[in-house]
Amino acid sequence: MFDIILRNLFENSRIFSYNKDGCEIMNLYDLTIEELEDYFVGIGDKKYRATQVYEWLYRKRIHAISEMTNLKKELLAHLEEKFTLHTISLVEQQEDVDVRKFLFRLMDGEVVEAVLMRHVYGNSVCVSSQVGCNMGCKFCESGRRKKVRNLKTHEMVEQILLIEEIVGVRISHVVVMGIGEPFDNYENLVSFLHIINYAKGLAIGSRHITVSTCGIIPKIQEFMHLPYQVNLAISLHAPNNQIRDAIMPINKVYKLEDLIKILKEYIAFTNRRVTFEYVLLKGVNDSSLCAEELANLLHGMNCYVNLIPYNETSHIAFERSDEISIHNFQDTLKKRGINVTIRKEYGGKISAACGQLRSKKEGYE
Ligand code: SAH
């Protein structure tokens with residue numbers, strides 16, 4: 001039994017590192033409550049230990065396994081040998097009105113970004129899901145360096161824990177919109193969602209969690225069958241294949257019409273609204289013709305369009321649309337009955353565009 005659990009964890013590549021004897025060490029923040037229950041049963045202990053451990057991890061926010069004082073000495077020694085806890089650390093942070101950006105270092109020296117945004121409705125964190133990204137969107141800073149590796153579940157969970165600790169606030173909303181393509185790291189993402197949503201985990205309501213993807217169709221199909229009411233956002237950025245092919249290489253694999261078709265199935269099956277993100281790039285996708293075409297494409301769908309003023313970055317030739325074009329684009333969609341807003345801008349002054357802080361730090365700007 002124990003072997004099977006360990007094998008599953010290995011196959012999901014969720015083992016983190018090795019202890020001094022060369023044994024694999026797992027991270028407690030990697031495990032869902034069920035996995036932890038199975039673990040304790042597997043070593044001949046009681047299932048309810050998992051709940052006790054979760055209490056220490058997510059309520060009392062311990063920093064060392066030895067702080068779990070209601071566990072027997074032998075069990076503590078066992079856990080200390082098999083597991084580790086916190087692995088990420090703060091490298092730097094930048095602050096602007098209502099926004100704070102964090103650069104975190106991972107155990108292997110790689111760095112990722114996370115952003116805290118303060119809204120009237122609560123505190124939201126944008127987490128990264130990978131080191132680098134392979135999707136190659138032409139306008140995006142994160143994709144300038146290819147994917148180095150997927151983030152482990154615990155590295156995503158830790159981004160939230162560390163921000164709560166540094167800032168001293170509770171996070172009520174999570175968006176997986178930082179560096180990386182979450183659906184290219186699907187298994188770790190799903191465990192992460194489970195842990196942060198679980199009442200005795202971080203207890204973040206599923207409707208307060210949003211996953212953003214560039215449109216990996218097979219994963220959207222899997223995602224729609226998950227037992228959580230997590231929101232789905234799609235980085236659309238174009239009203240037709242010609243423009244989307246030119247700026248988002250993923251469109252060569254999963255065509256726009258197929259993406260829209262699966263999203264209609266998703267909406268029908270889940271009864272949930274889909275959000276479309278549309279970054280406005282001057283002279284590329286911001287004409288009134290594009291707005292009309294987008295309205296035709298989304299006609300009748302239970303959806304919401306979030307227009308994103310482009311954050312210009314050095315090295316990337318795209319320009320931000322001017323204010324008039326942005327508002328005209330919005331008006332055209334509105335007139336056609338599409339729910340649309342312009343994204344509130346956070347942190348232009350602090351390199352908040354996805355991947356910018358990491359680029360600066362790593363000197364490949
Ligand atoms: N890979 C996922 C999530 C990460 S990107 C996805 O594609 O959805 C998060 C969002 O920021 C995407 O919509 C992305 O297209 C957008 N984005 C990337 N670079 C940007 C920039 N410089 N300015 C504005 N939005 C940007």
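All figures in this text were calculated on a predicted structure; none of them were measured in a lab. Each ligand, and each atom within it, is numbered from 1 in the order the structure gives.
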* With backbone taken as N, CA, C and O and side chain as the heavy atoms from C-beta onward, which portion of Glu277 lies under 4.0 Å from ligand 1: side chain, backbone, both, or neither? ->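 The answer is the side chain of Glu277.
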
* ligand 1 versus Asn311, non-hydrogen atoms closer than 4.0 Å: side chain, backbone, both, neither? ->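 The answer is both, backbone and side chain.
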
* Asked: Centre of Tyr186's six-membered ring, under 6.0 Å away, within 45 degrees of the axis: is that where NZ or CZ of Lys219 sits?
  ->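 Verdict for Tyr186: a cation-pi partner in Lys219.
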
With heavy atoms of [X] as the reference, note each atom of ligand 1 found under 4.0 Å away.
| X | result |
| --- | --- |
| Cys140 | 18 (C), 19 (N) |
| Val279 | 24 (C), 25 (N) |
| Gly178 | 4 (C) |
| Cys214 | 6 (C), 7 (O), 8 (O) |
| Thr213 | 6 (C), 7 (O), 8 (O) |
| Met177 | 4 (C), 5 (S), 9 (C) |
| Ile308 | 24 (C), 25 (N) |

* Check whether any N or O atom of Ser212, backbone or side chain, sits under 3.5 Å from an N or O atom of ligand 1, and answer yes or no. =>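 N/O-N/O distance under 3.5 Å: yes.
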
* Asked: Got an N/O contact under 3.5 Å between Thr313 and ligand 1?
  ->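 Looking only at distances, the answer is no, because the N/O contact criterion of under 3.5 Å is not met.
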
* Below 4.0 Å from any atom of ligand 1, is there a heavy atom belonging to Glu312? ->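 Checking ligand 1 against Glu312, which is what was asked, there is no heavy-atom contact under 4.0 Å.
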
* Asked: Does even one non-hydrogen atom of Gly180 get within less than 4.0 Å of ligand 1?
  ->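 A heavy atom of Gly180 does come that close to ligand 1.
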
* Asked: Taking atom types as modelled and ignoring hydrogens, do the side chains of Glu165 and His63 form a donor-acceptor contact shorter than 3.5 angstrom?
  ->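 The criterion, which ignores hydrogens and geometry beyond distance, is satisfied for His63 and Glu165.
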
* Least distance between heavy atoms, Glu181 atom then Gln130 atom ->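 Taking Glu181 first and Gln130 second, the nearest heavy atoms are N-OE1, 2.9 Å.
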
* Asked: What pairs meet the side chain to side chain donor-acceptor pair (under 3.5 Å) rule with one or both residues in residues 67-76, with sequence neighbours excluded?
  ->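 Matches after skipping sequence neighbours: Trp56-Asn70.
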
* Please state whether the rings of Tyr29 and His86 are parallel, tilted or perpendicular, taking 30° and 60° as the class boundaries. =>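 Ring orientation of Tyr29 relative to His86: tilted.
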
* To do: Output yes when Asp108 and Arg149 qualify as a salt bridge under the 4.0 Å nitrogen-oxygen rule, no when they do not.
  =>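 So Asp108 pairs with Arg149 through a salt bridge.
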
* Does the ring-ring contact (aromatic ring centres under 6.0 Å, His included) test come out yes or no for Tyr278 and Phe276, once each step is laid out? -> CA-CA 6 Å; Tyr278 193 104; Phe276 288 106; 9.6 Å; no

* Asked: Taking the six-membered ring for Trp, are the ring centroids of Tyr48 and Phe40 within less than 6.0 Å of each other?
  ->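 No.
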
* With ring centroids as reference points, do Phe83 and Tyr39 lie under 6.0 angstrom apart? ->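 So the answer is yes for these two rings.
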
